[in-house]
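Below you'll find the structure, written out as structure tokens, and then a few comments.
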Amino acid sequence: METFQSLLAKKLSEALANAGLPAAGELTPASDPRFGDYQTNAALVLGKQRGENPRALAEQIVAQFEAGDACELLVVAGAGFINFTLRPEAVAQKTMELLRDDRLGVAETRSPRRIVIDFGSPNVAKPMHVGHIRSTVLGDALARIAQFLGHDVIRDNHIGDWGTQFGMVIYGWKNLLDRGALQRNPLAEIVRIYKETNQRANDHPTVREACRQELVRLQAGDKENNDIWNECVALSMQDFEHVYKLLDVHYDLQCGESFYHDRLPGVVERLLQSGIAEISEGAVVVFFPDDPELADRPLIIRKRDGGFNYATTDLATVDYRVNDLKADSIWYVVGAPQTLHFKQIFQIARREGYATDLCHIVFGSILGEDRKLMKTRSGENVPLRDLLEEACKRARKIIEEKNPQLSEDEKTDIAEKIGIGAVKYADLSQYRMTDYIFSWEKMLSLHGNTAPYLQNAYVRIRSIFRKAGEAAIATSLGGVGKKTGHRPVATELTLTHPAEINLAKRLCQFAEVVPQVMNDFRPNILTNYLFELANSFHTFYEACPVLKSDEPARSSRLALCDLSARVLQRGLGLLGIKVPERM
RNA sequence: GUGCCUGUAGCUCAACCGGAUAGAGCUUCUGACUUCGGAUCAGAAGGUUGGGGGUUCGAAUCCCUCCAGGCACGCCA
């Protein structure tokens, strides 16, 4: 199914060819409703290139344009813009097609790629905290969207399970562990022994050295230490799984740092042999003399003491994803502080001759109300689990106020959908580069650009169908025109009220918006669209009675409701947000 | 010191990689209902896009410079 945008773009390029002009400019949604639905700046661009009058060029283009029945006569406006207004009949026709389409008009990509998405990446022996929200939520949303667009997506959780912190954890395990506490709350106990060991190590060099020895033994394959390590990983994973279940996030692969352990010597060896790396001050280092930005920022891939660091691991990871997973693209959804690190890693990969598209998807931090990095009152990271449970608790409180007659089970289920949805949406609705300020009040508000507002639009539609009964649902879901037995049903969609036409146009845009998210990894384009859709729906809902109206308006309006609900559900679903039937 | 990112209404944020009079929400003010869920809708007010230069038909967007904040800069991850 073709979108209006691509249809008009095609017709525009035909018109340009017929007018003897080269392709130029672009066709975009109109910047203002007064200018119609779409606009092009082709004549302006050509006018500049050829030194001709843009308005005259615009007239030439318009004269060659074969509008078909999609849009009204074109209008030349301003300095030489060409404006396109869709005909309501064409919009109605397209809406009918969307009703019958499971994909709601969204085309699959013509060039599917295998994309490894690296996101989340929590650390073993540390609870997940707010710092993991953005990577996890953004990565999951991008994975869902890329997959929906037809890409072969591999979600990989690059867990931090092999760092120097394990020396301390093992030391603490052997010297400080409280078995009872471990039974009651495993991760809390691991964190406690880690922190306490860290403190001791800072005070006593002998403890520090003992930790180092534990690490060496672990990496040398010592059985006792490996057993401890295995148990720590398993216990941490249980905590991660709990959070992932709440968030409805899953991975195809969880290759943590330890997975690459055996490959590190080979990586260093190869880079030394190819001359990309060299020995410097006893360490193995890569220099980047050809890149001005990296010229005086070398990267160490093997320490003077022979140990490897996480740069080495990341290089091994690239190798694995390129050679074993056969990735066409690798996306790293990792915070801004690591920008330099990834530039270095990517540069090395290029020098090694990898053609894979490597991309660091950067995002800003989450700040507290004080505009500083979000922390608890005592200055610690806020555990993600607590935060998500708090979100559900607050959502539930609102539900109790608004809709106390719901059953306990329903309340719990709805509170989870709203609470988790609100947290995710607050994150995704913002441009990913900017830091954002975390606010319960804002994200759980029923007003404005929030998940609950969109969920509520969906709920109101479902309410209409509950009231209308099964017949109406069957009508609408099956496409307009099916006989229901007890009520005459329109066979065509008729759009007369401006609010109807506006809503239908909006619904047609879904297929244009979804692929655009991939342009620069910006789910907030989709959230903006969904917010506008919900607005358009509410305007329509206010102005156009559905169930009380006569045919053919009734069927048409039910169809618009049905399609609105499906687009909201699908759109939110692509962001990893669920919709309740009531709230 | 060097590099990267950010700076838009009182507040929180948009603006589709140069387009038309910079848009929403929150807040404030004014209207609409014995509601298909008012958990809503319609309208008003609110701006020298951090400052200053430059590029051109046209700049929040590109270039230069300054200011402010954040982050990062061989042997942590």
Side-chain angles (χ1 to χ4, degrees), chain A residues 25-26 28-32 34-35 39 41 44-45 47-48 53-54 77-81 83 121 123 160 162-165 257 280-287 292-305 307 309-311 313-314 335-341 343 362 364-365 367 371 373 398 401-403 426 429-431 433-437 439 441-442 445-450 452-453 455-457 459-468 512-513 516-517 519-520 522 524-525 527-529 531-532 535 538-539 541-549 557 561 582-583:
Chain A
E26 50 190 6
T28 59
S31 59
D32 188 299
R34 284 174 299 130
F35 303 138
Q39 64 184 41
N41 59 352
L44 290 163
V45 174
K48 186 175 196 169
N53 182 329
F81 289 97
N83 293 332
S121 310
N123 290 312
W162 200 251
T164 41
Q165 79 268 25
E257 291 168 349
S280 167
E281 296 175 35
V284 179
V285 183
V286 178
F287 293 94
E293 201 186 318
L294 301 178
D296 52 356
R297 286 153 223 261
L299 182 70
I300 290 175
I301 59 173
R302 194 177 70 199
K303 298 187 280 186
R304 198 184 321 198
D305 68 4
N309 52 26
Y310 89 130
T313 306
D314 276 355
Q338 298 200 38
T339 304
L340 173 62
H341 169 73
K343 275 185 181 151
V362 183
S365 320
L367 308 181
R371 290 159 187 281
L373 278 181
I398 298 171
E401 283 169 22
K402 302 284 186 188
N403 228 340
S429 60
Q430 189 140 348
Y431 179 50
M433 283 305 235
T434 54
D435 295 346
Y436 86 88
I437 297 175
S439 159
E441 286 69 33
K442 290 208 165 79
S445 167
L446 290 318
H447 309 281
N449 191 7
T450 64
Y453 174 80
Q455 287 166 325
N456 181 53
V459 164
R460 291 180 91 176
I461 297 171
R462 300 306 303 155
S463 174
I464 290 176
F465 283 108
R466 274 196 298 276
K467 189 149 288 186
E512 297 168 3
V513 169
Q516 216 188 322
V517 173
N519 197 3
D520 192 29
R522 296 171 65 162
N524 71 312
I525 290 175
T527 62
N528 281 350
Y529 165 79
F531 177 59
E532 285 167 3
N535 266 331
H538 276 130
T539 302
Y541 181 91
E542 232 21 73
C544 305
V546 177
L547 298 177
K548 291 173 192 160
S549 59
R557 288 174 181 179
C561 286
R582 303 167 207 268
M583 63 190 276

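These numbers come from the heavy atoms of this one structure, side chains and all, not from hydrogens, waters or symmetry mates. Just so we're on the same page: letters track the sequence lines, and every chain starts at 1. These numbers come from a predicted model, not from an experiment.
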If you measure from the P atom in B/A32 to the same atom in B/U8, how many Å do you get, rounded?
38 Å

Holding to side chain to side chain contact (heavy atoms under 4.5 Å, CB included), I want the full list of residues that pass it with A/Tyr310, two or more places apart in sequence or in another chain.
A/Asp314, A/Gln338, A/His341

Mind checking side chain to side chain contact (heavy atoms under 4.5 Å, CB included) for A/Val286 and listing every partner two or more places apart, or none if nothing turns up?
A/Ile276, A/Ala277, A/Phe288, A/Ile301, A/Ile348, A/Arg351

For A/His341 and B/C4, what is the distance between atoms NE2 and C1' respectively, to the nearest whole Å?
16 Å

Rounded to whole Å, CZ of A/Arg297 lies from P of B/C4 at a distance of 9 Å

For the pair made of CG in A/Asp520 and C1' in B/C5, what is the distance, rounded to whole Å?
14 Å

Heavy atoms from C-beta onward define the side chain here; which of B/A20, B/A77, B/C75 lies closest to that of A/Ala283?
B/C75

Using the test side chain to side chain contact (heavy atoms under 4.5 Å, CB included), find all partners of A/Thr313 that sit at least two apart in sequence or belong to another chain.
A/His158, A/Glu257, A/Tyr260, A/Leu264, A/Thr317

Report, one pair per line, the protein and nucleotides 24-32 of chain B atoms (nitrogen or oxygen only) whose separation is under 3.5 Å.
none

Base, sugar-phosphate alone, or nothing: which one does A/Asp314 contact when heavy atoms must sit under 4.0 Å apart?
nothing

Within the 4.5 Å heavy-atom criterion, are A/Asn83 and A/Gln39 side-chain neighbours or not?
yes

Expressed as a whole number of Å, how far does the P atom of B/A68 sit from that of B/G50?
16 Å

Output all residues satisfying ring-ring contact (aromatic ring centres under 6.0 Å, His included) with A/Phe35, sequence neighbours left out; order by chain, then residue number.
none

Does the side chain of A/Tyr453 get closer than 4.0 angstrom to OP1 or OP2 of B/C41 through an N or O atom?
yes

Rounding to an integer number of Å, can you tell me how far A/Ile461 CD1 sits from B/U40 P?
14 Å

Can you tell me which nucleotide in B/U21, B/U6, B/U40 comes closest to the side chain of A/Met433?
B/U6

Test of understanding: with salt bridge (Lys or Arg N to Asp or Glu O under 4.0 Å), list the residues that count as partners of A/Glu441, not counting sequence neighbours.
A/Arg394

What does A/Val459 touch in the nucleic acid at a heavy-atom separation under 4.0 angstrom: a base, only the sugar-phosphate, or nothing?
base

Tell me what A/Lys467 touches on the nucleic acid: a base, only sugar-phosphate, or nothing, going by heavy atoms under 4.0 Å.
sugar-phosphate

Residue list, salt bridge (Lys or Arg N to Asp or Glu O under 4.0 Å) with A/Lys442, at least two apart or on another chain
none

Look at A/Lys303 and B/C76 and indicate whether a side-chain polar atom (N or O) is within less than 4.0 Å of OP1 or OP2.
yes

By nearest-heavy-atom nucleotide on RNA chain B, the more 5' of A/Ala77 and A/Thr539 is A/Ala77

In whole Å, what separates the P atom of B/C5 from that of B/U28?
39 Å

In whole Å, measure the gap between the C1' atoms of B/G23 and B/A60 for me.
12 Å

Taking only residues two or more places apart in sequence or in another chain, which ones pass salt bridge (Lys or Arg N to Asp or Glu O under 4.0 Å) with A/Glu532?
A/Arg506

Describe the nucleic acid contact of A/Glu512 in one word from base, sugar-phosphate, nothing, applying a heavy-atom distance below 4.0 Å.
nothing

With sequence neighbours excluded, residues passing salt bridge (Lys or Arg N to Asp or Glu O under 4.0 Å) with A/Glu293:
A/Lys343

Non-neighbouring partners of A/Phe81 that pass ring-ring contact (aromatic ring centres under 6.0 Å, His included), sequence neighbours left out:
none

Can you work out whether A/Val285 or A/Ala543 has the more 5'-proximal nearest nucleotide on RNA chain B?
A/Ala543

B/C71 and B/C26, which share atom name C1', separated by this distance in whole Å:
30 Å

So, OP1 or OP2 of B/U40: does either fall under 4.0 Å of a side-chain N or O from A/His538?
no

Nearest whole Å is fine: how far is B/U21 C1' from A/Arg34 CZ?
7 Å

With a 4.5 Å cut-off on side-chain heavy atoms, are A/Tyr431 and A/Arg522 touching?
yes

Nucleotide B/C57, atom P - distance to CG of A/Asn53 in whole Å:
13 Å

Could you check whether any side-chain heavy atom of A/Asn403 comes within less than 4.5 Å of a side-chain heavy atom of A/Met583, counting everything from C-beta outward?
no

I'd like to compare against my own output: the B/S/- annotation of nucleotides 13-19 of chain B with a strict under-4.0 Å heavy-atom distance to protein.
SSSB--B

Which atom of A/Thr527 lies closest to which atom of A/Ser429, heavy atoms considered:
OG1-CA, 3.3 Å

Is any side-chain heavy atom of A/Pro54 closer than 4.5 Å to one of A/Lys48?
no

Heavy atoms only, 4.0 Å cut-off, all strands: where does A/Leu299 land among base, sugar-phosphate and nothing?
nothing

Write down the distance separating the P atoms in B/G7 and B/C16, rounded off to the nearest Å.
13 Å

How far does the P atom of B/U61 sit from the matching atom of B/C75, given to the nearest Å?
39 Å

Please work out if A/Pro337 contacts a base, only the sugar-phosphate, or nothing of the nucleic acid, heavy-atom cut-off 4.0 Å.
sugar-phosphate

What stem regions, each of at least 3 consecutive Watson-Crick or G-U pairs below 3.5 Å, can be found for RNA chain B?
B:1-7 with B:67-73, B:10-13 with B:23-26, B:28-32 with B:40-44, B:50-54 with B:62-66

Between B/G47 and B/G1, how many Å separate the two C1' atoms, rounded to a whole number?
37 Å

